[in-house]
Amino acid sequence: MRAPLSWLREYVELPAEVTGRDVAAALTAAGLEVETVERTGAGLTGPLVVGHVLAIEELTEFKKPIRYCQVDVGDANGTGEPQNIICGARNFAVGDKVVVILPGGELPGGFTISSRKTYGRVSEGMICSASELGTSDDHDGIIVLPPQYEPGTDAVELLELVDEILDISVNPDRGYCLSLRGLARETAIAFDLPLRDPALLDVPVPNGDGYPVEVADRGACDRFVARTVTGVRPDATSPVWLRRRLEKAGMRSISLAVDITNYVMLELGQPLHAYDRARLEGPIGVRRAEPGEKLTTLDDVRRTLHPEDLVITDGRGPIGLAGVMGGAETEITAGGGEGATATTDVVIEAAHFTPRDIARTARRHKLSSEASRRFERGVDPEAAAAAAQRAVDLLVLLGGGTADPGVTHVSSVATPRTVLMPATHPGRVAGVAYDRETVVRRLQSIGCDVYGSDELTVTVPTWRSDLLAPNDLAEEVIRLEGYAHLPSTLPRPPAGRGLTETQRLRRRTGRALAGAGYVEAPSYPFLSRRALTDLGITDGDARLRTVTLANPLSDEEPELRTTLLPGLLATLRRNDRRGSHDLALFESGTVFLPTGEEPAPVRPGVSGRPSAEELARLDAALPHQPRHVAVALAGDRAAAGWWGAGRPADWADAVQAARLVAAQASAELEIASAQYAPFHPGRCAALYVTIEGDRVLVGHAGELHPRVVKALALPERSCAMELDLDLVEAAGSGPLRAPRVSAFPVATQDLALVVDRSVPAAAVERVLRDASGELLESLDLFDVYTGEQIEAGRKSLAYTLRLRAADRTLTAEEVTAAREAAVAAAGEQLGATLRGA
């Protein structure tokens, strides 16, 4: 909403020293958002006057048409003689009144005017266009003024060129501020000044002689006022002051009748519509559109109407979209052009429509107008009669018309809305003590009627449709008292609140992977079917059963992910192509795993909150959404340097990342060989945990299949891991506990076991841990050997056992017993033998 300060001063007597920035600061403190304060006429100095064109000489010897004009500027030049001015515009003629800047003046932008020779003539000034004066971007021609102004009249004052315009962003719940009336009320409150309400007009009582109106849908249109003005002069045009105010507010001048309706809408906030009475056939009606009906709106678009559209009709059918835009068939005609007769009799419509109906119609037809913006935010229903009267008065004053005595006023009885609120409620909301007098004074200043002492009965004004509950009233008191006066206090959360253990695990996992050199690379949870097939996933795999979005952000990725790998590997490829070849990335996020047996979701209504049963059915329709964690590696895991060559990342690093994640949940991870897309069949590990005695698969890790690497254009030997973090948490033993530190010495024992090549190292490690008992502090595999010294089909696994007691130094017998127990258990369960024995 653009509000000229000069216009605002008509309703609030602001002191002369108050500037636009002062008003902007006061309105901002009251909760409005003033985006800019534009100063018009800045840099403009006179003399800028009205000129009368006496003669025009056409100069034809140049490439473009040039005119040499004699212009009477009265006594503004000090001599009374006409000024000779060169001008290239063609939209004026002899006898017209124009705007002239004389030598010595300066236009906005620092353009100084002087007498100078051009096109073989001396030009003594300049005839100005709207763009040159900075009033608009119109470059079509110079300004032609109405004939009544005398030559030499100060055009700066006449055109109100020097002003300040506040550009205010109005929130949806503050629709009353889409008018000078509403902004003036806020300004008056902010400066503690009286308000001259422009809606306080003497309005004649309704009678049966007005233009007939029939409202079929009183629920959607509870107020309809119709007034008629006859005998409007066909040649009547909008005066300069009216056109300039519309321009400053961001609207263009069209015709007198239309300009007046726009002016009253800006002034009072009530949208109006003007009909050419000669084009109306029968009574004006308000009803819902019928199927198949069409309407050509004022923007010359032929629209097919929806049965829920609220339309204005006459005897022929729809003549306008109610509250949005009028129809072309009853359009006001400004002049008697070819095939058209100038409008002389005007019917003014001032109605009130429900915000929901107007908002839905405007969005349905993708047709937002100044009227619909106001109706969908809430318009004062009691302003309709005053707005119609204001428009009638202006048509009579400026157009020479006669107000018809008939007054049509169709209305439904509306009970004023009241809200009960304790007088102490605003103070409790703000945390500041407001006495009753302060609360009552602030509510009365916005137009409320307040009764009661401890319990206040507040009657809400008709222009504040947003005030529905005690909290709304409390907000008004707080903002008018000043948000700056509210103390800054930290909230006091109740004891025992904080992160859940699941949230703590997610954070620990991220910190642990980051500490191990991984970089987090989150991605969008969308993918395409091709992204899954490129991973080598074949028919029958549950990961191909996806959820398809009804309104995806991209048609290329319309489905929700069932695995984190497509997004993570795409990030790996993108970084490798941009020169980063040694990569270790991770992501933690939700995947969506439908079973195909989810029930169809219900469609709850929009009139109220869904019931508990509806919410339960909506939840049942959702797919399972576990949280996964995944890593992807390429290039060197250990950097090369003066110390030697780097170590490339391999499948063991991916497995170690899974162990690192499991350790954060205090879960024991079991590793087994597997074949699973998209991994290399000989370098893939299945990851298991034990939950309530059951062995549960939680993920896979390993080197990617060469075909997958080629299909995705990844670096050779790229590796990855993905596991279900929710299942890992379920298998854990609770929060991660700090290790105990013993002051007693450690006893180290090395042993090498020979087992079949088919026996996984993880199985050997599990047996050694179980057999070593409580004295085992750590167990590390430091060598794997196959060769001449080992029989065919066998391998040697060498481990370091670190043994320690928390309360004593271990004896040689205890260490030996633990070592022998471990060797014996490995031999009994896995067929292992001690190497060299």
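At distances below 3.5 Å, at least one donor-acceptor pair connects side-chain atoms of Asp726 with backbone N or O atoms of Arg627. Put simply, the side chain of Thr690 never gets that close to the backbone of Gly693: no donor and acceptor are under 3.5 Å apart. A donor-acceptor pair under 3.5 Å is absent between the side-chain atoms of Glu820 and the main chain of Ala817, judged by distance alone. Looking only at distances, no side-chain donor or acceptor of Thr28 sits under 3.5 Å from a matching main-chain atom of Glu33. Under a 3.5 Å cut-off, the side chain of Ser528 and the backbone N or O of Glu557 do not form any donor-acceptor pair. Looking at Ser580, its side chain never comes within 3.5 Å of a backbone N or O of Asp576 through a donor-acceptor pair. In this structure, the side chain of Ser718 engages the main chain of Pro715 through a donor-acceptor pair within 3.5 Å. With hydrogens and angles ignored, the 3.5 Å screen pairs a side-chain donor or acceptor of Lys795 with a backbone N or O of Val759. Glu729 contributes no side-chain N or O that, together with a main-chain N or O of Ala665, makes up a donor-acceptor pair within less than 3.5 Å. Of the possible polar contacts, none joining the Asn575 side chain to the Leu572 backbone as a donor-acceptor pair under 3.5 Å is found.
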Original post:
Between Leu544 and Leu532, does a side chain to side chain contact (heavy atoms under 4.5 Å, CB included) hold up when you go through it step by step?
Top reply: CA-CA 7 Å; Leu544 289 178; Leu532 296 174; 3.8 Å; yes
**OP:** Would you sort out whether Arg695 and Glu670 count as a side chain to side chain contact (heavy atoms under 4.5 Å, CB included), showing the intermediate values?
**Re:** CA-CA 9 Å; Arg695 187 168 179 256; Glu670 181 182 343; 3.1 Å; yes
Subject >> Candidate pair Ile478 and Tyr483, rule side chain to side chain contact (heavy atoms under 4.5 Å, CB included), full reasoning >> reply: CA-CA 7 Å; Ile478 295 168; Tyr483 292 121; 3.8 Å; yes
Original post:
Where do Ser588 and Arg506 land on the side chain to side chain donor-acceptor pair (under 3.5 Å) test, with the steps shown first?
Top reply: CA-CA 8 Å; Ser588 175; Arg506 294 173 186 173; over 6 Å; no
Original post:
Given Asn471 and His425, is the side chain to side chain donor-acceptor pair (under 3.5 Å) satisfied, shown in steps?
Top reply: CA-CA 8 Å; Asn471 281 344; His425 183 67; 2.7 Å; yes
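Heavy atoms from other residues, nucleotides or ligands lying under 6.0 Å from CZ of Arg507 number 12 at most. Within a 6.0 Å sphere centred on CD of Gln789, other residues, nucleotides and ligands contribute 12 heavy atoms or fewer. More than 12 heavy atoms of other residues, nucleotides or ligands sit less than 6.0 Å from atom CG of Asp619. Remark: Phe744 CZ is packed, more than 12 non-hydrogen atoms of other residues, nucleotides or ligands lying under 6.0 Å away. The neighbour count for Arg617 CZ, taken as heavy atoms of other residues, nucleotides or ligands under 6.0 Å away, does not exceed 12. No more than 12 heavy atoms of other residues, nucleotides or ligands lie within 6.0 Å of CD in Glu613, so this atom counts as exposed by the packing criterion. Within 6.0 Å of CD on Gln625 lie more than 12 heavy atoms contributed by other residues, nucleotides or ligands. Residue Glu556 qualifies as open at atom CD: its count of foreign heavy atoms under 6.0 Å is 12 or below.
Taking the side-chain contact (heavy atoms from CB on, under 4.5 Å) definition, one finds that Leu490 meets it with nothing, sequence neighbours left out. Shown here are the salt bridge (charged side-chain N to carboxylate O under 4.0 Å, His left out) partners of Glu668, two or more places apart in sequence or in another chain: there are none.
Side-chain contact between Asp466 and Asp472 is absent, with no heavy-atom pair separated by less than 4.5 Å. Put simply, the side chain of Tyr518 reaches to within 4.5 Å of the side chain of Val631, judged on heavy atoms. Side-chain contact between Leu704 and Cys719: absent, with no pair of heavy atoms (C-beta onward) separated by less than 4.5 Å. Using a 4.5 Å heavy-atom threshold, the side chains of Tyr434 and Glu481 count as touching. A 4.5 Å side-chain heavy-atom check between Val755 and Thr833 finds every atom pair outside the cut-off. Residues His624 and Thr595 have side chains not in contact (no heavy-atom distance under 4.5 Å, counting atoms from C-beta outward). Inter-residue side-chain proximity for Ser796 and Val784 is flagged as unmet; no heavy-atom pair is nearer than 4.5 Å. Using a 4.5 Å heavy-atom cutoff, the side chains of Leu549 and Glu559 are not in contact.
Ion pairing between a basic and an acidic side chain is recognised when a charged N comes within 4.0 Å of a carboxylate O; Asp534 and Arg530 show such pairing. Salt-bridge check for Arg508 with Glu501: passed, with a basic side-chain N closer than 4.0 Å to an acidic carboxylate O. Taking 4.0 Å as the cut-off between side-chain N and carboxylate O, Glu475 and Arg479 do not count as a salt-bridged pair. A salt bridge links Glu814 with Arg808; the closest basic N to acidic carboxylate O contact falls under 4.0 Å. For the pair Glu587 and Arg561, the salt-bridge criterion is met [side-chain N within less than 4.0 Å of a carboxylate O].
If you take CG on Leu669 and CG on Leu723, they are separated by 7.0 Å, rounding to the nearest 0.5 Å. Atom CG of residue Leu727 and atom CG of residue Leu697 lie 9.0 Å apart, to the nearest 0.5 angstrom. For the atom pair OG1 (Thr548) and CG (Leu560), the distance works out to 8.0 Å, reported to the nearest 0.5 Å. The line from CZ of Arg504 to OG1 of Thr509 is 13.5 Å long, rounded to the nearest 0.5 Å. Interatomic distance, Arg769 CZ to Leu801 CG, rounded to the nearest 0.5 Å: 9.0 Å. Distance check: Arg717 CZ to Leu633 CG gives 13.0 Å after rounding to the nearest 0.5 Å.
The nearest pair of heavy atoms linking Leu768 to Ala826 is CD2-CB, 4.3 Å. Pairing each heavy atom of Gly596 with each of Arg545, the nearest pair is N-CD, 3.8 Å. Trp651 and Gly702 make their closest contact through CB-CA, 3.8 Å (heavy atoms, listed as atom of the first residue, atom of the second, distance). Across Ala640 and Gly646, no two heavy atoms sit closer than the pair CB-N, 3.3 Å. Residue Leu687 comes nearest to Ala658 through the heavy atom pair CD1-CB, 3.5 Å, listed as atom of the first residue, atom of the second, then distance. The two residues Ala654 and Ala720 come nearest to each other via the heavy atoms CB-O, 3.4 Å.
Ring geometry for Tyr676 versus His700: interplanar angle under 30°, hence parallel rather than tilted (30 to 60°).
Sequence neighbours left out, the pairs with a member in residues 643-667 that pass salt bridge (Lys or Arg N to Asp or Glu O under 4.0 Å) are Arg647-Asp653.
Judged by the 6.0 Å distance and 45° axis criteria, Arg511 is not positioned over the aromatic ring of Phe586.
The closest side-chain donor-acceptor pair between Glu722 and His628 falls under 3.5 angstrom.
Of the candidates Asp780, Thr748, Asp750, Asp750 is the only one forming a side-chain hydrogen bond (donor to acceptor under 3.5 Å, both in side chains) with Thr800.
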